[in-house]
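To start, the structure itself, in structure tokens.
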Amino acid sequence: MLLIRGGDVIDQSGRRRADVLIDGDRIVAVGIGLQVGSGASVLDADGAVTCPGFVDLHTHLRQPGNEEAETVETGSRAGALGGYTALVAMPNTSPATDSVAMVRQVRQWGEAAGLADVHPAATITAGRSGEQLADLAALYADGVRVFTDDGNEVADAALMRAALELARQLPGAVIAQHAECAALVAAGHLNEGPVAQALGLVGRPGTAEEITVARDLALVALVGGNVRYHVLHASVAATVELIRRAKAAGLAVSVEVTPQHLTLTDACCSGADPTFKVNPPLRREEDLLALRDALRDGVIDAVATDHAPHTPDTKARPFASAPPGMLGLETALAVVVGRAGIPLERAIAALSWQPARIAGLSEHGRPIAPGEPANICVIDPNRRWEVIADRLASKSHNTPFAHWTVTGKVRHTVLRGTPTVIDEVAQR
Ligand code: DOR
């Protein structure tokens, strides 16, 4: 038996004072003043909040192919420390995760690490080449629900239409797009605007995102049949408006935003520090504010980290040749609540049950109630801490939040009834 004692519970039915009792991998009781025998373990939640474990729709675990930057194990540990019980692993590995055999291998690495449920996404196109579809039906039959060529958009409209038509036949499958019109961003390194100009670097216009999202939404409407489409890492205000209208029209679309796009702008790039290089790039203040509003009002469904580890030597290259990407798993909660000012209840929804629904994960993001799987995290919303890049569990150190003092920290994480993090220390 495991008792989480003290604090408030926050889940789909709101906020209330309650302890949580777990037996095996399930919650067995929720209430005030729960008692256990001397053999039971107790996790202290005094002054804290107990909520469903977080689900990241967008994690780069880098295995296979770039294990110097991250492995499934190190990324899972970072996830557990960030309150995550499930991670959707991006398929832009090397080779790309585009086959049943590879999906099974990534899952197996996740099981061996045992620190979070790792659910591999698979590519939309074979080899992520953008030329022909991967075997989506076979991947789906093996349990894959999220399909994406993340890192690149699926540029070919006919191919995108074919992917949507196939996904329409596969209940719960979602086509997730890296929405940046490839032709418009091909040579670009950061947001197109005065900062790029001052640095003498080619930009990536926000319009590139708007064009791809608008095109895809037209294809979603054409394909019909409630096909599911998801916009990865939205970065511009125009995307918010397109999605708002698409939802109002009844399309089955969803959208995520990253902590970095809620808190950083392209002004961060003015010193040409590649830590701030990411795709889609950091945008303007007005985009950031529109994204915050849309997350608050529910047009944006989920916060996803786009945790993208890169080794120190690759991130030490000049801005134009450094790889894009930032860490995110261990800092997401603090950045979203403590810095972007998203109300705690809303942030938890966007970090747990909403992404679980999008990814079709029926064992995560569940209510804190008897009979439910014990995938839980306990967070201390008032705890202040300093982000120190070298002390993060990720194998890489490329956090844009280094030296920030932030508020809000994960205290414990519980995966299927077993603590993976106790008092901020990972258990494996
Ligand atoms: O900045 C990014 N890095 N954006 C992506 O879409 C891919 C990611 C990566 O894999 O490093």
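All ligand and atom numbering here is 1-based and tracks the order in the structure.
Counting only heavy atoms of the protein, atom 10 (O) of ligand 1 lies nearest to N92 ND2, 2.8 Å. Scanning the protein for heavy atoms near atom 1 (O) of ligand 1, the closest one is N279 N, 2.8 Å. For atom 3 (N) of ligand 1, the closest non-hydrogen atom on the protein side is P324 O, 3.0 Å. With hydrogens left out, the protein atom closest to atom 8 (C) of ligand 1 is H60 NE2, 3.7 Å, a heavy atom. Of the protein's heavy atoms, R62 NH2, 3.3 Å lies nearest to atom 9 (C) of ligand 1.
Residue contacts with ligand 1: P323 is excluded, as none of its non-hydrogen atoms falls under 4.0 Å.
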Under the side-chain contact (heavy atoms from CB on, under 4.5 Å) rule, what do Q108 and V72 come out as? Steps first, then yes or no, please. CA-CA 10 Å; Q108 211 172 63; V72 172; over 6 Å; no
Between H261 and S235, does a side-chain hydrogen bond (donor to acceptor under 3.5 Å, both in side chains) hold up when you go through it step by step? CA-CA 6 Å; H261 290 105; S235 68; 4.9 Å; no
Criterion ring pair (Phe, Tyr, Trp, His ring centres under 6.0 Å) on H58 and H233, from CA distance to verdict: CA-CA 9 Å; H58 198 142; H233 40 45; 5.0 Å; yes
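Considering L87, T85, L415 as possible partners of D117, the one that fulfils the side-chain contact (heavy atoms from CB on, under 4.5 Å) test is L415. Under the side-chain contact (heavy atoms from CB on, under 4.5 Å) test applied with L57, the options I358, V303, T305, L361 reduce to a single match, I358.
If you take CG on L190 and CZ on R283, they are separated by 9.5 Å, rounding to the nearest 0.5 Å. Here CG of L282 is found 8.0 Å from CZ of F276. Values are rounded to the nearest 0.5 Å. Between atom CZ of residue R77 and atom OG1 of residue T71 there is a gap of 8.0 Å, rounded to the nearest 0.5 Å.
Contacts between M90 and ligand 1, counted as non-hydrogen atom pairs separated by less than 4.0 Å, are absent for every part of the residue. With a heavy-atom cut-off of 4.0 Å, M326 does not touch ligand 1 at all.
In this structure, R383 places its CZ atom where more than 12 heavy-atom neighbours from other residues, nucleotides or ligands lie under 6.0 Å away.
In terms of polar-atom proximity, A308 is not counted as a contact of ligand 1, lacking any N or O under 3.5 Å from an N or O of the ligand. Taking distance alone, with nitrogen or oxygen atoms compared against 3.5 Å, K277 stays at or beyond that limit from ligand 1. Residue V278 places no N or O, backbone or side chain, under 3.5 Å from any N or O of ligand 1.
The distance from ligand 1 to the heavy atoms of H233 drops below 4.0 Å at these ligand atoms: 6 (O). Near H310, the atoms of ligand 1 lying under 4.0 angstrom from a non-hydrogen atom of the residue are 11 (O). Of all the atoms in ligand 1, the ones that sit under 4.0 Å from a non-hydrogen atom of D306 are 4 (N).
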